[in-house]
Amino acid sequence: MFVRVFTSTTVIVFSIIMIFINQFDLEINQKIGKGIFYLKGYYEQGNEIVMEQGIGVITIPLIIGFIVSVVVTTISTIRKKQKYGA
């Protein structure tokens, strides 16, 4: 159950983030996020304009998927214990 919830949540959040960053217009020298939550950057390097995706595109869905999976699994375990009186 944990793996199923984790995978589903991660894929859904990843899809939402990809749609969001593709719709978001960035100016030169602008970034979305910081650190492990860095999603996208757009800057000028010499004569080239460079756009890059950050590690947040992967870490945010994984973190949210893990948290949701732990909460759902905990709630499910508590309900089973209450139902069967263990």
Side-chain angles (χ1 to χ4, degrees):
M1 180 175 163
F2 179 85
V3 173
R4 202 171 2 163
V5 174
F6 176 76
T7 305
S8 301
T9 306
T10 302
V11 168
I12 291 169
V13 173
F14 179 75
S15 300
I16 291 169
I17 287 175
M18 292 304 289
I19 291 169
F20 170 74
I21 64 173
N22 285 326
Q23 299 296 323
F24 197 86
D25 291 330
L26 290 174
E27 300 293 326
I28 291 180
N29 296 326
Q30 186 179 5
K31 287 185 356 176
I32 303 174
K34 292 182 180 181
I36 64 169
F37 302 111
Y38 171 60
L39 291 175
K40 190 175 186 180
Y42 191 64
Y43 56 93
E44 191 172 358
Q45 183 177 12
N47 292 332
E48 297 180 6
I49 295 176
V50 180
M51 186 180 311
E52 64 180 14
Q53 287 186 326
I55 192 170
V57 171
I58 299 298
T59 57
I60 291 173
L62 291 176
I63 291 168
I64 292 174
F66 180 75
I67 291 169
V68 169
S69 300
V70 168
V71 169
V72 168
T73 306
T74 304
I75 290 171
S76 176
T77 304
I78 290 171
R79 283 188 178 174
K80 282 182 185 177
K81 286 183 179 181
Q82 288 177 348
K83 184 177 181 181
Y84 297 114

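Below, each value reflects all heavy atoms present in this structure, side chains not excepted, and no hydrogens, waters or symmetry copies.
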Solution key, residues 43-61 side-chain donor-acceptor pairs under 3.5 Å, sequence neighbours excluded:
unit_1 : atom_1 : unit_2 : atom_2 : d
Tyr43  : OH     : Glu52  : OE1    : 3.4
Glu52  : OE2    : Tyr38  : OH     : 2.8
Thr59  : OG1    : Ile36  : O      : 2.6
Thr59  : OG1    : Ile55  : O      : 3.2

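- In the hydrophobic cluster analysis, where Ile, Leu, Val, Met, Phe, Trp and Tyr join through side-chain heavy atoms closer than 4.5 angstrom, Ile67 is grouped together with Phe37.
- The shortest distance between side-chain heavy atoms of Val72 and Met1 falls below 4.5 Å.
- By the criterion of side-chain heavy atoms lying less than 4.5 angstrom apart, applied directly or through intervening Ile, Leu, Val, Met, Phe, Trp or Tyr residues, Phe20 is grouped together with Val13 in one hydrophobic cluster.
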Practice item. Please step through side chain to side chain contact (heavy atoms under 4.5 Å, CB included) for the pair Val5 and Thr73, ending with a clear verdict. Key: CA-CA 9 Å; Val5 174; Thr73 306; 5.8 Å; no
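- Taking CG of Leu26 as the start and CD1 of Ile32 as the end, the distance is 4.5 Å to the nearest 0.5 Å.
- Scanning both residues, Leu62 and Phe6, for their nearest heavy atoms gives O-CE1, 3.5 Å.
- Within the model, atoms CD1 of Ile19 and CZ of Phe24 stand 16.0 Å from one another, a figure rounded to the nearest 0.5 Å.
- If you take NZ on Lys40 and CG on Asn22, they are separated by 5.5 Å, rounding to the nearest 0.5 Å.
- Annotation: the span from Ile64 atom CD1 to Ile12 atom CD1 amounts to 11.5 Å, rounded to 0.5 Å.
- When all heavy atoms of Phe2 and Val70 are compared, the closest pair comes out as CE1-N, 3.8 Å.
- With a 4.5 Å cut-off on side-chain heavy atoms, Phe66 and Thr10 do not count as touching.
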Check your understanding: Should Tyr42 and Ile28 be marked as a side chain to side chain contact (heavy atoms under 4.5 Å, CB included) after you check the CA-CA gap, both sets of side-chain angles, and the distance that decides it?
Key -> CA-CA 5 Å; Tyr42 191 64; Ile28 291 180; 3.9 Å; yes
